Protein chains: 2
Amino acid sequence: MTKGPLKSRHHHGDLKPALIKAGIDLLEEGGINALSLRKCAARAGVSHAAPAHHFDGLAGLKQAIAEEGFHLFSSYLQGACDSGPQDPKGRLRSLCRGYLQFGLDHPGILAVIFGDQGLAGLVHGGGKEKADAYLTLRAVAAPFVAPGQDRLVVETQIWSLIHGFTLLYLAGEFGSPPPPIDEGPFAQVIALLDALHPASAP
Amino acid sequence: MTKGPLKSRHHHGDLKPALIKAGIDLLEEGGINALSLRKCAARAGVSHAAPAHHFDGLAGLKQAIAEEGFHLFSSYLQGACDSGPQDPKGRLRSLCRGYLQFGLDHPGILAVIFGDQGLAGLVHGGGKEKADAYLTLRAVAAPFVAPGQDRLVVETQIWSLIHGFTLLYLAGEFGSPPPPIDEGPFAQVIALLDALHPASAP
DNA sequence: GGCCACAACTTGACGGCGTCAAGATCTCCG
DNA sequence: CGGAGATCTTGACGCCGTCAAGTTGTGGCC
């Protein structure tokens, strides 16, 4: 049997993804501090030292979770800017809303993605998972890049604003627990991006 | 002797501030993960359980450090916007530069200030330390608040942008280790705030 | 001035954590 | 069928936060 009855296998078989899944569950249930190698192992039904054979310590597990989390993050961003008005400004606002919504729905995953080993690791390490999300941002930002302007500037303006706003939102700056998006200052704050003008319609 | 030769006191006397200072040192030397109650106690020359009599666990120590760190943070912001051009836009840009500079100089303290127990705690708890820094922001933002507009919106726009930008900067998004401010995209990104206009000069 | 109550700190222990070394077990392939 | 190698277990170590109980110095009260 290579994958027999999925039961009583002494060599679990799909341990790595199972550990990542367990880690994500822990993250969603108890936040970033509830994530530990030993608890992931326990949830996956293996011994406490088993994860060491699949990840380079806790940092490695967090990075693997971050890569997985980026998929979900990307789907939030893409889904958001595919819904709503399809003009450049409409897509930009929807992207930002999707960013904040992801933070509200999955604060633990956001913390891992942008945590010590998350973002820093992805910036340097492969980062192809991050690229998906960043390409969505790039596509949405493109109409606002003036001819001859560095697109990195516009992308960073958007990213900085929505990232900072999301973190302040999650920290309870506008109410604790954070209010629904439409009851917070989201629209008014993001309106700062109205200063950006589509290059084709100045 | 009430405060005799400062030596061999079995009842340390100034343990609480000494622990906070030790914690800040640890933070500056090894980042947020290097901070522990036991190491603070060792640095202060007391037993491992002594901190428990002065702080409510590790979270309490972090909050105390955050309050202390906010003083330094405030001085960075105030000092920055007091130097440089004194027109509204000049002060705004200087404030942002001071924010980023603080992050570059003291990333560990920034992490504690805006960490789990830091910002969240200060938002709800007293928060008078935070208020100093926020009042600086408020004063700098004031000229850009249009009549009838909610000043919270303008303040949040500024705070979100510089906060998000600083975190991306520290994460190595523009080079690792982060480049000096003038070699990064700081000026161009912060130029988004040029969309704000002093109410007296529309 | 002497004693006592109280605050400050120590000692010791507990469980949880990440990590390493060594051993057991299963699978696959020759 | 048998061995090689990957996979997982067991056990141990040191560090961590936290609690309970004991010790020591201090200031106030009689």
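Predicted model, so just to flag it, every value in this text is computed and none were measured. Below, chain A is the first sequence line, B the second, and so on; all start at residue 1.
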Mind jotting down which residue pairs meet the side chain to side chain donor-acceptor pair (under 3.5 Å) criterion with at least one end in residues 51-60 of chain A? Sequence neighbours excluded, please.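 For residues 51-60 of chain A: none.
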Going by the salt bridge (charged side-chain N to carboxylate O under 4.0 Å, His left out) test, which pairs reach into residues 150-159 of chain B, not counting sequence neighbours?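 Qualifying pairs, neighbours excluded: B/Arg138-B/Glu155.
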Pairs touching residues 26-43 of chain B that satisfy salt bridge (charged side-chain N to carboxylate O under 4.0 Å, His left out), sequence neighbours left out: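 Every salt bridge (charged side-chain N to carboxylate O under 4.0 Å, His left out) pair that includes a residue of residues 26-43 of chain B, provided the two are not neighbours, is B/Glu29-B/Arg43.
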Between [atom2] on [N] and [atom1] on [X], what's the gap in Å once rounded to a whole number?
{"X": "B/Arg38", "N": "C/dG12", "atom1": "CZ", "atom2": "P", "value": "13 Å"}
{"X": "B/Leu58", "N": "C/dG16", "atom1": "CG", "atom2": "P", "value": "19 Å"}
{"X": "A/Leu37", "N": "C/dC17", "atom1": "CG", "atom2": "P", "value": "10 Å"}
{"X": "A/Leu15", "N": "C/dC26", "atom1": "CG", "atom2": "C1'", "value": "15 Å"}
{"X": "B/Leu19", "N": "D/dG17", "atom1": "CG", "atom2": "C1'", "value": "15 Å"}
{"X": "A/Arg43", "N": "C/dC17", "atom1": "CZ", "atom2": "C1'", "value": "17 Å"}

Describe the nucleic acid contact of B/Ser47 in one word from base, sugar-phosphate, nothing, applying a heavy-atom distance below 4.0 Å.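 Base: the residue B/Ser47, judged by heavy atoms under 4.0 Å, touches a nucleobase.
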Tell me every residue that passes salt bridge (Lys or Arg N to Asp or Glu O under 4.0 Å) with [X], counting only those two or more places apart in sequence or in another chain.
{"X": "A/Asp194", "answer": "none"}
{"X": "A/Glu68", "answer": "none"}
{"X": "A/Lys21", "answer": "A/Asp25"}

Would you work out how much the helix from C/dG1-D/dC30 to C/dG30-D/dC1 bends between its ends, with each end axis defined by five base pairs, to 10 degrees?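 The value is 10°.
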Contact between A/Asp132 and A/Leu77 at the side-chain level, heavy atoms closer than 4.5 Å - yes or no?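 Answer no - side chains too far apart.
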Please enumerate all residues that pass ring-ring contact (aromatic ring centres under 6.0 Å, His included) together with A/Tyr76, with sequence neighbours excluded.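 With neighbours one apart ignored, the set is A/Phe102, A/His106.
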List for me each residue that meets ring-ring contact (aromatic ring centres under 6.0 Å, His included) alongside B/Phe174, sequence neighbours excluded, and say none if there are none.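 Result, ring-ring contact (aromatic ring centres under 6.0 Å, His included) vs B/Phe174: B/Phe165, B/Tyr169.
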Which of residues 22-30 of chain B sit near DNA chain D, with a heavy atom under 4.0 Å from it? none
Can A/Tyr99 and A/Trp159 be counted as having a side-chain donor-acceptor contact under 3.5 angstrom?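 Indeed, the side chains of A/Tyr99 and A/Trp159 share at least one donor-acceptor pair under 3.5 Å.
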Interface residues of residues 48-56 of chain B with DNA chain C (non-hydrogen, below 4.0 angstrom): B/His48, B/Ala49, B/Ala50, B/His53, B/His54
Can I get a per-line list of side-chain donor-acceptor pairs under 3.5 Å for residues 181-190 of chain B, giving both atom names and the distance, sequence neighbours left out?
| unit_1 | atom_1 | unit_2 | atom_2 | d |
| --- | --- | --- | --- | --- |
| B/Asp182 | OD1 | B/Arg97 | NH1 | 3.4 |
| B/Asp182 | OD1 | B/Arg97 | NH2 | 2.9 |

